[in-house]
> 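One structure, as structure tokens, below. Some questions next.
The residues of the chain are indexed from 1 along the displayed sequence. On a predicted model such as this, the values are computed, not experimentally measured, just so you know.
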Amino acid sequence: MTALIAGLQSCLVLADRLELPMVAIHIEQAVSWMIDHGQALDVAPPADSVS
């Protein structure tokens, strides 16, 4: 599950760079859902901004 979260976080970074806010929102929702349901408790949520 950790690999899935890491993949989603990579997608989130790409969505931010490509300026695809709706995609980023859905990725954030997926990560939040997984964390809320105990699927990825050992992984921190994605950062809000990308530098």
Side-chain angles (χ1 to χ4, degrees):
M1 205 48 77
T2 302
L4 178 58
I5 295 294
L8 286 172
Q9 289 175 329
S10 294
C11 290
L12 181 59
V13 170
L14 182 59
D16 285 342
R17 287 184 182 162
L18 294 174
E19 298 180 11
L20 300 171
M22 293 305 295
V23 173
I25 289 170
H26 290 296
I27 293 169
E28 288 176 344
Q29 289 173 339
V31 171
S32 294
W33 185 91
M34 292 176 73
I35 291 170
D36 290 346
H37 289 85
Q39 300 298 313
L41 295 176
D42 60 333
V43 178
D48 288 340
S49 63
V50 177
S51 47

> Taking side chain to side chain contact (heavy atoms under 4.5 Å, CB included) as the definition, give me every residue that meets it alongside Ile25, ordered by chain and number, with sequence neighbours left out.
Met22, Gln29

> Taking all heavy atoms of Ala24 and all of Ala15, pick out the closest pair and write down the distance.
N-CB, 4.0 Å

> Would a 4.5 Å heavy-atom cut-off, applied to side chains only, mark Gln9 and Val13 as touching?
no

> Please report the shortest heavy-atom distance between Ile27 and Leu8, naming the atom on each side.
CG2-O, 3.3 Å

> Working to the nearest 0.5 angstrom, can you tell me the gap between His26 NE2 and Leu12 CG?
12.5 Å

